[in-house]
Every structure is written in C-alpha cells, then in structure tokens.
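Here is the structure we will look at.
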Amino acid sequence: MAIIYRPIDPRDLAEVHSFTLFCENSGRDSTQGHIPDSDDERKKKSEEIISQLTRDASKHHCLAAFDDGSMVGVIRLNMMTIDQLPACHVRALWVNQDHRGRGVATRLKELAETWARAMGSAFMDTNVRVSNERMIALNTKMGYEVARLNFRKRLD
C-alpha cells in the first residue's frame, strides 16, 4: 500500500497525541540522555498543537505520513521571522525506524517546502545535530546550506 501524506486533524485527539509522541521521538533520536515527557507534558503539547492549528493555520502546520492507516512519519512547522525575512522553521521531523531509507523524510520536507512557499516564506530553517549524518546528508541533497553554527560548552 502507498504511503499517504496529509495534515493531521486537530479534532482527532488520538491522532494529535500520536503526532506529539512522534515529535518527542525526534528529540529522543537526536539527544543522548533524553528524558521522556510526562503524561501531563504530552497533554499540554497536544493542547498547544490543537490550539495553534485551530487558531492560526497560516503560521503552524503539522503533516504526517501514514502507511496502511498507521502514522509512520511527521513534520512540524512554524512560520516566523528570521533575519527580518518570513521563514518556515522545522520544529520536528521524525520517521519510524522501519520506514527510514524509503523517502518518507524527503517527501515530508518537499511537502513542507510547498506549504512554506504558499505561506510566503523566503526560506526554510532547520536544526540538525552534528551526529545525525543521515539528516545532514538529506538536507545537503535537498539544497540546504549551513546558515549559522551553535556552539556549546559544558559547565560541569
């Protein structure tokens, strides 16, 4: 069966909850020692997504990939101003392990770019951990370039 890509339905609480869990996984995959959200934090994040999508869908977009009815990938977007230009920021992108390498992340990003253009965005903005070689390769292949660097120093 073909993978179906569509915006999540903010009226479907189960779908929003699944989307929230997938977004949490994007942090878990990219951060060693990631602490999972509590049920209360997940509920608040789900409520935030519902509020954003119903209040101002021109600034927030949540797209998911479904295989045989099951969510297998997500991308969460926000419009914002960066360097005094309208920009679309990828807040989260995550694909189930068993669907990686099948073009799901590429298609989610392509659809995200289409939405961002329709919203008047001048560019896409995303953050990727230096250890995430697959996502760095995907972004490079899709024409993304390094725009800034984030330096960190541990203060133990």
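- Between Phe22 and Trp94, the ring-plane angle classifies as perpendicular under the 30° and 60° cut-offs.
- Atom CD of Gln52 and atom CD of Glu48 lie 4.5 Å apart (nearest 0.5 Å).
- The distance from the CD atom of Glu113 to the CG atom of Leu77 is 10.0 Å, given to the nearest 0.5 Å.
- Environment of NE2 in His89: crowded, with over 12 heavy atoms of neighbouring residues, nucleotides or ligands closer than 6.0 Å.
- Here the side chains of Val128 and Tyr144 are not in contact, with every heavy-atom distance at 4.5 Å or above.
- Listed here is the closest heavy atom pair of Tyr5 and Ala65: CE2-CB, 3.5 Å.
- Taking CG of Leu108 as the reference point, atom OG1 of Thr106 lies at 9.0 Å (rounded to 0.5 Å).
- Nearest heavy atoms, Pro7 versus Leu63: N-CD1, 3.5 Å.
- A donor-acceptor contact shorter than 3.5 Å is absent between the side chain of Asp83 and the backbone of Leu85.
- In this structure, the side chain of Thr20 engages the main chain of Val16 through a donor-acceptor pair within 3.5 Å.
- Using a 4.5 Å heavy-atom cutoff, the side chains of Arg11 and Ile50 are not in contact.
- With hydrogens and angles disregarded, no donor-acceptor distance shorter than 3.5 Å links the side chain of Asn96 to the backbone of His99.
- At least one donor-acceptor pair closer than 3.5 Å links the side chain of Ser121 to the backbone N or O of Cys88.
- Here the straight-line distance linking atom CD1 of Ile8 with atom CD1 of Ile75 works out to 13.0 Å at 0.5 Å rounding.
- Taking a cutoff of 4.0 Å between a charged side-chain nitrogen and a carboxylate oxygen, Glu15 and Arg6 qualify as a salt bridge.
- The same ILVMFWY cluster, assembled from side-chain heavy atoms under 4.5 Å apart, contains both Leu111 and Leu93.
- Put simply, Ile136 and Phe123 are part of two different groups of oily side chains (I, L, V, M, F, W, Y) that touch within less than 4.5 Å, one to the next.
- When only modelled atom types and interatomic distance are considered, Asn78 and His60 share a side-chain donor-acceptor pair under 3.5 Å.
- Residues His17 and Lys43 have side chains not in contact (no heavy-atom distance under 4.5 Å, counting atoms from C-beta outward).
- Using a 4.0 Å cut-off between a side-chain N of Lys or Arg and a carboxylate O of Asp or Glu, Glu110 and Arg107 qualify as a salt bridge.
- Between the side chains of Asp56 and Ser58, at least one donor N or O lies within less than 3.5 Å of an accepting N or O.
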Exercise. Could you go step by step and tell me if Cys62 and Ile49 meet the side-chain contact (heavy atoms from CB on, under 4.5 Å) rule?
Worked result: CA-CA 8 Å; Cys62 297; Ile49 289 170; 3.9 Å; yes
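- Using a cutoff of 4.0 Å between basic side-chain nitrogens and carboxylate oxygens, Arg102 and Asp67 are scored as salt-bridged.
- Judged by a 6.0 Å distance limit and a 45° cone about the ring axis, Arg76 is not positioned over the six-membered ring of Phe19.
- A salt bridge links Asp125 to Arg148: one of the charged nitrogens lies within less than 4.0 Å of a carboxylate oxygen.
- Note: Arg91 CZ to His61 NE2 = 14.5 Å, rounded to the nearest 0.5 Å.
- Between the CE atom in Met142 and the CE atom in Met124 there is a gap of 8.0 Å [rounded to 0.5 Å].
- Side-chain contact between Val74 and Cys23: present, with at least one pair of heavy atoms (C-beta onward) separated by less than 4.5 Å.
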For this session: Take Val95 and Val72 through the test side-chain contact (heavy atoms from CB on, under 4.5 Å) and record every step on the way to the result.
Result: CA-CA 6 Å; Val95 175; Val72 297; 5.6 Å; no
